[in-house]
A.B. asks: 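Here's a structure for you.
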Amino acid sequence: MSAPRESVRLDGQGALRRSHLATEVGPALVDGEVVVMGWVHSHRDHGGVIFVDLRDRSGLLQLVFRPDVASRAHARAEELHREFVLAARGVVRPRATEDINPKLPTGEIEIEVHELCILNSAVPPPFAIENETEVDEQVRLRHRLHDLRRPVLQNALALRHRVYQSVRSTLAGQGFLEIETPMLTKATPEGARDFLVPSRQYPGAFYALPQSPQLLKQLLMIAGFDRYFQIARCFRDEDQRADRQLEFTQVDLEMSFVAVDDVLQLLEALTARVFAEAGGVALPRPFPRLSYADAMLRYGSDCPDTRIELELVDLTDLFRESDFRAFHSVVESGGIVKCLPVHDADALSRGELDRLELFVRKELGARGLAWIRVGADGAWQGPIVKFLSESERAQIARRTAAQPGSLLFFQADSFEHANTILARLRSDLGARLGRSDGRAWAPLFIVDFPLFVREEGRLQSAHMPFVAPLDEDIPLLESASEKVRATHYDVVLNGNELGSGSLRNHRSAVQRAILSILGYAKDQMEQQFGFLLNALDSGAPPHGGFAYGLDRIVMLLAGTDNLRDVIAFPKTQRGQELLMESPGEVARAQLDELHLRVVRERGES
RNA sequence: GGGGCGGUAGUUCAACUGGUUAGAGCACCGGCCUGUCACGCCGGAAGUUGCGGGUUCGACUCCCGUCCGCCCCGCCA
């Protein structure tokens, strides 16, 4: 950090009051007097005349200082440096034709300054306040104030504001009440790792920050509010990603007396309206619906980017009886075999195939990357070709529609792993080979998720334990748990999960049955979910809802692939906020009050 | 928990296979300049090569450890 510029004499704002934002000044105001305030974006001192580009949140405006017109203002202008804060009173002048700057919205005019107040000095910025500036993100986050002055971030946060406003007006117009729920709440056994807040008054007890307002909004339904929403901050202490922050914002909503279709209709209308109002984007309607099973089958993902014109092919049954041990043994032990066919793939060289294999092995943990290339003469090449029987080749060729120029990628692995790897290959190759269908926006609903998934032998909630099963599947709860479909639904846009929701269990018997299948004994159930079960027994209406990841919506509308670009003060991947440097240590006395003692591992200082 | 990429001046980058005093653009500071808008010209300052250790006559470069950033797997109901 540089030292402050102490030698600069500063002016008070005095009687000057801003009359216009920078870009509100235009040709219509020529010869009128204006007062503008903002930052020195750049200055060009010609010895005589001085030009200053003034920047405020609306944009840039050129100020002119002439020694012969206003000598005092001109003299002061000689002291300016970048990012100084100033107030300027002057007269709007048209520029000579040859002096018009077409790159600026205000390029046809300029302000001939008569009075200049230097409201504050500024140390030189660590990097240029320009959109084009490519600066290391660590530097940007440490100097977030300067970063936030860049137009892209100003625009992103303005866009975010419009999303808030549109959500509020749309939902309020649909009869939703905005209700806040507590941030200091109770830890729940399910779900992500909680952020804990130690209690001063109850030694050894902790509040938890909400992972979502899930249970509270259900209680609001039971209390009879009928339609609720909240723009809610949520906290999950898990490892971060480009599209995941420790704290993030949900548009959380819940409604009573509805079926799945009612919620989906509302979600479609809300999503379309917010994208139109806040981002000027017309989403194509109606949103197609895709079952979870089909999504996994065709795309290997439950949030596919359906614009990519590549689809997976399942070949598991082909290798149930096969002499190709590598694939056969995977199928025998419960895994799957799938293929990603890429036609007209001559652009992918042998060297690139090797790099792809290295990539999926090292970064995605794949066992390998089997591939088959169909030559111009129709001959099959590749390391696994020799292990395939005549009929297997024929079947593969038929199902993948292989033709000269095709490249077939195979994964034989667990359902999850094989799909994760092929889904990633699909999107990477789709981008690299330009296999998009050209649509800008591809929204869809994913429906018919399973209620349970088996993990390490045990049944777990696919999403969370309060999701209601489809009515017709309730008889299967005990007998064929894994076949039970959930009322759960996701909204997916361009390969991003925008949010998810479901109908909830409003009958305590069903809720108890599900908890029991999840392995909760009766007393555990009462201890951990007693308040919910009691609530259900006190007259719970059928209800369901949804939660959008608001940050992701803004991210997509802003055209970035990084959540940190749409959050004013985001955290790094390791959870630090570099401007204020949180988290930070606290004084011993603070810990004592909270009845806490820090235990350091060996080697920590 | 694991994998990949990266860290050299304020900033963006360079510095061969280990070899003189670690360079350049922009920014910054000073001077000059009355129509620039990537202003121009002249001059200047600016570095613990993330940190610690090792190998070597010699380390930005090689080795080990560690910290930080980004991306991904796991994780995130």
Side-chain angles (χ1 to χ4, degrees), chain A residues 1-2 5 41-54 60-69 74 81-83 93 95-96 98-104 106-107 110 112 123-130 132-143 146 188-194 211-212 214-215 234-246 248 355 358-366 416-417 420-421 424 428 449 451-453 455 460-467 486 488 497 500 502 514 518 547 549 561-562 564 571-574 576 578 603 605:
Chain A
M1 267 300 173
S2 356
R5 300 181 191 262
H41 185 70
S42 65
H43 64 121
R44 297 171 292 281
D45 184 345
H46 288 246
V49 64
I50 297 173
F51 299 99
V52 170
D53 288 340
L54 179 88
L60 297 179
L61 173 64
Q62 177 162 285
L63 310 181
V64 193
F65 296 86
R66 298 179 193 283
D68 47 337
V69 172
H74 177 268
H81 294 273
R82 292 204 301 172
E83 300 309 309
R93 299 294 187 203
R95 298 199 199 182
E98 63 270 24
D99 288 335
I100 287 175
N101 183 353
K103 292 180 200 159
L104 287 186
T106 55
E110 61 196 11
E112 182 186 86
V123 296
F127 46 82
I129 314 295
E130 308 274 355
E132 299 73 33
T133 314
E134 278 189 24
V135 184
D136 187 82
E137 196 165 8
Q138 191 170 5
V139 175
R140 287 177 47 203
L141 291 176
R142 198 175 307 129
H143 302 279
H146 291 98
T188 50
E190 299 273 334
R193 192 179 295 112
D194 284 311
Q211 294 178 26
S212 80
Q214 180 60 40
L215 286 167
C234 304
F235 304 86
R236 294 177 191 176
D237 189 5
E238 297 291 347
D239 290 349
Q240 310 201 72
R241 287 284 195 288
D243 61 352
R244 285 185 351 214
Q245 283 268 307
L246 295 181
F248 60 100
R355 279 195 291 280
L358 197 66
F359 167 75
V360 298
R361 282 209 346 257
K362 289 220 132 182
E363 287 206 45
L364 305 181
E416 294 78 14
H417 213 187
T420 298
I421 292 158
R424 175 65 179 272
D428 282 5
F449 283 84
L451 191 62
F452 301 105
V453 292
E455 259 170 42
Q460 307 241 319
S461 297
H463 291 92
M464 49 117 183
F466 318 116
V467 175
H488 190 94
E497 182 192 312
S500 61
S502 67
I514 288 170
L518 292 173
D561 52 10
N562 177 345
R564 294 180 297 273
K571 292 180 176 55
T572 66
Q573 186 153 47
R574 296 207 51 214
Q576 282 185 309
L578 296 181
S605 55

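Order of the sequence lines fixes the chain letters, A, B, ..., with proteins taken first and strands second; residue numbering starts at 1 for each chain.
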A.B. asks: Donor-acceptor pair, A:Gln245 side chain versus A:Gln240 backbone, under 3.5 Å?
C.D. replies: no

A.B. asks: Closest approach to the side chain of A:Thr420, judged atom by atom: which nucleotide of B:C37, B:G4, B:C73 is it?
C.D. replies: B:C73

A.B. asks: For the side chain of A:Glu238, counting heavy atoms from C-beta on, which of B:C75, B:A38, B:C70 is nearest?
C.D. replies: B:C75

A.B. asks: Expressed as a whole number of Å, how far does the C1' atom of B:G10 sit from that of B:C5?
C.D. replies: 25 Å

A.B. asks: Return the pairing partner of B:G69 with a 3.5 Å limit on both distances, Watson-Crick or G-U wobble; otherwise return none.
C.D. replies: B:C5

A.B. asks: Can you give one letter per nucleotide of nucleotides 41-46 of chain B, going 5' to 3': B for a protein heavy atom under 4.0 Å from the base, S for sugar-phosphate only, - for none?
C.D. replies: ------

A.B. asks: Taking the P atom of each, how far is B:U8 from B:G69, in whole Å?
C.D. replies: 15 Å

A.B. asks: Tell me which nucleotide among B:U36, B:G69, B:U34 gets nearest to the side chain of A:Arg574.
C.D. replies: B:G69

A.B. asks: If you go through the side-chain atoms of A:Arg140, does one of them form a donor-acceptor pair with the base of B:U11 closer than 3.5 Å?
C.D. replies: no

A.B. asks: Please confirm whether any donor atom in the side chain of A:Arg236 sits under 3.5 Å from an acceptor in the base of B:C75, or the reverse.
C.D. replies: no

A.B. asks: With sequence neighbours left out, write down each residue that passes salt bridge (charged side-chain N to carboxylate O under 4.0 Å, His left out) with A:Asp45, or none if nothing qualifies.
C.D. replies: none

A.B. asks: Look at the side chain of A:Arg564 against the base of B:C70 and say whether a donor-acceptor pair falls under 3.5 Å; ignore hydrogens and angles.
C.D. replies: no

A.B. asks: Can you tell me, in whole Å, how much space there is between the C1' of B:G19 and that of B:U61?
C.D. replies: 11 Å

A.B. asks: So with a 6.0 Å cut-off around CG of A:Asp99, is the heavy-atom count from everything else above 12?
C.D. replies: yes

A.B. asks: From B:U11, B:G74, B:U36, pick the nucleotide closest to the side chain of A:His46?
C.D. replies: B:U36

A.B. asks: Can you identify which nucleotide, out of B:G4, B:G74, B:G69, has its nearest atom closest to the A:Gln138 side chain?
C.D. replies: B:G69

A.B. asks: Taking NZ, NE, NH1 and NH2 as the nitrogens, is one of them in A:Glu110 or A:Arg93 under 4.0 Å from a carboxylate oxygen of the other?
C.D. replies: no

A.B. asks: Among the nucleotides B:U36, B:G69, B:C72, which one has an atom lying closest to any side-chain atom of A:Thr572?
C.D. replies: B:G69

A.B. asks: With respect to the side chain of A:Glu110, which nucleotide from B:G3, B:U36, B:C37 is positioned closest?
C.D. replies: B:U36

A.B. asks: Return the value, rounded to whole Å, for the distance between atom CD of A:Gln62 and atom C1' of B:U36.
C.D. replies: 7 Å

A.B. asks: Each nucleotide in nucleotides 24-31 of chain B should get exactly one letter: B, S or -. Can you fill that in based on protein heavy atoms under 4.0 Å?
C.D. replies: ---SSS--

A.B. asks: For A:Leu578 and A:His417, take the nucleotide of RNA chain B holding the closest heavy atom to each; which residue's nucleotide lies nearer the 5' end?
C.D. replies: A:Leu578

A.B. asks: Kindly point out which of B:G10, B:C70, B:C75 is positioned nearest to the side chain of A:Pro126?
C.D. replies: B:G10

A.B. asks: Among B:C70, B:G4, B:A38, which nucleotide has an atom closest to any side-chain atom of A:Lys362?
C.D. replies: B:G4

A.B. asks: Quick one: does A:Asp136 reach the base of B:G7 with a side-chain donor-acceptor pair under 3.5 Å?
C.D. replies: no

A.B. asks: Measure from the side chain of A:Arg44, starting at C-beta and using heavy atoms only, and say which of B:C71, B:C37, B:C76 lies closest.
C.D. replies: B:C37

A.B. asks: Over how many whole Å does the gap from A:Phe65 atom CZ to B:C37 atom P extend?
C.D. replies: 18 Å

